[in-house]
Amino acid sequence: MLKGCSRSLSSEGCNEDTAGYLIGLYKRGNKGLLSALLDAGLVSDGALSESLGSFYGELLWKEPDELLKALVSRPKKEQHKLASLAAAMDGSGMPKEMLRDVKSKLSKIGGQKHSRLSPVARLCLSELNRLRAIESH
C-alpha cells in the first residue's frame with residue numbers, strides 16, 4: 001500500500017497508519033521495507049511526514065549507518081528532502097540530547113576520508129544545522 005505513495009498521495013493506504021504499521025515491521029527486523037518508507041517520505045505531507053520524519057530521525061540516532069546506506073544511492077535532491085524530514089522529525093525537531101548524539105555520530109562518519117557514507121553524513125549534518133538555524137530566528 002505504501003508503495004503507491006511514491007506515485008500519488010491519494011493512493012489508498014497512503015497514510016500515517018500504514019506507515020506506522022510498516023515502521024513496526026521494520027523495527028521487528030523487516031529491513032527490506034526501508035526503501036518503500038523512504039520513497040513515501042519524498043511525497044508525504046502533514047501527518048504522514050510527521051510519522052516518517054520521526055522514524056527517520058530515530059533511525060539516524062540509533063542506526064545511522066542503515067539510513068546513510070539507504071540514502072547514498074539516491075539523487076542529491078532526495079537525500080536533502082529525506083535528511084530534512086529526519087532533522088525535523090514530527091515538526092518539532094530533535095530533542096537536545098538526541099541531537100547532540102546524532103551530530104556526534106554524523107561528524108565521526110563524515111570525517112572518514114574513504115567512506116562512501118561520509119558525504120551523505122555531512123549532508124545530513126548540514127540539514128540538521130540548517131533546521132536549527134531556522135528555528136533560532
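All values below come from the heavy atoms of this structure, side chains included, with hydrogens, waters and symmetry mates left out.
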Considering all heavy atoms of both residues, which atom of Tyr56 and which atom of Ala86 are nearest to each other, and what is their separation? CB-CB, 3.6 Å
Assess the residue pair Arg116 and Lys69 against the criterion (side-chain contact (heavy atoms from CB on, under 4.5 Å)); give the C-alpha distance rounded to whole Å, side-chain angles, the decisive distance to 0.1 Å, and a yes or no. CA-CA 9 Å; Arg116 68 188 189 101; Lys69 282 177 192 164; 4.1 Å; yes
dist Asp90:CG -> Leu52:CG (nearest 0.5 Å) comes out at 12.0 Å
Got a sec: does the NZ of Lys31 have more than 12 other heavy atoms crowding it under 6.0 Å? yes
To check you understand the geometry: which heavy-atom pair defines the closest contact between Met98 and Met89, and what is its length? CE-SD, 3.5 Å
Check whether Ser104 reaches the backbone of Arg100 with its side chain - one donor and one acceptor, N or O, closer than 3.5 Å. no
Sub-4.5 Å side-chain heavy-atom contact between Glu127 and Cys124: no
Any side-chain heavy atom of Lys27 within less than 4.5 Å of one from Ile23? yes
pair Leu60-Leu106: side-chain heavy atoms closer than 4.5 Å: yes
To the nearest 0.5 Å, tell me how far Leu99 CG sits from Asn129 CG. 8.0 Å
Write down the atom of Ser107, the atom of Leu125, and the distance for their closest heavy-atom approach. OG-CD2, 3.5 Å
With sequence neighbours excluded, residues passing salt bridge (charged side-chain N to carboxylate O under 4.0 Å, His left out) with Glu78: Arg74
Rounding to 0.5 Å, atoms OG1 (Thr18) and CG (Leu48) come to a distance of 8.5 Å
Can you name the residues that form a ring-ring contact (aromatic ring centres under 6.0 Å, His included) with Phe55, not counting sequence neighbours? Tyr26
Quick one: side chain to side chain contact (heavy atoms under 4.5 Å, CB included) partners of Ser115, sequence neighbours excluded? Gln112, Leu117, Ser118
Rounding to 0.5 Å, atoms CG (Leu68) and NZ (Lys105) come to a distance of 11.5 Å
If I take atom CG from residue Leu25 and atom CG from residue Leu33, how far apart are they, to the nearest 0.5 angstrom? 6.0 Å
From Gln79 CD over to Leu38 CG, what is the distance, rounded to the nearest 0.5 angstrom? 11.0 Å
Within a strict 4.5 Å, meaning less than it, do heavy atoms of the Leu85 and Ser49 side chains meet? yes
If you compare all heavy atoms of Ala19 against all heavy atoms of Ser51, which two are closest, and at what distance to 0.1 Å? CB-OG, 4.2 Å
Main chain of His80, side chain of Ser84: is a donor-acceptor contact present, judged purely on distance under 3.5 Å? no
Is it possible for you to say whether Val102 and Leu123 belong to one hydrophobic cluster, with membership spreading through side-chain heavy-atom contacts below 4.5 Å? no
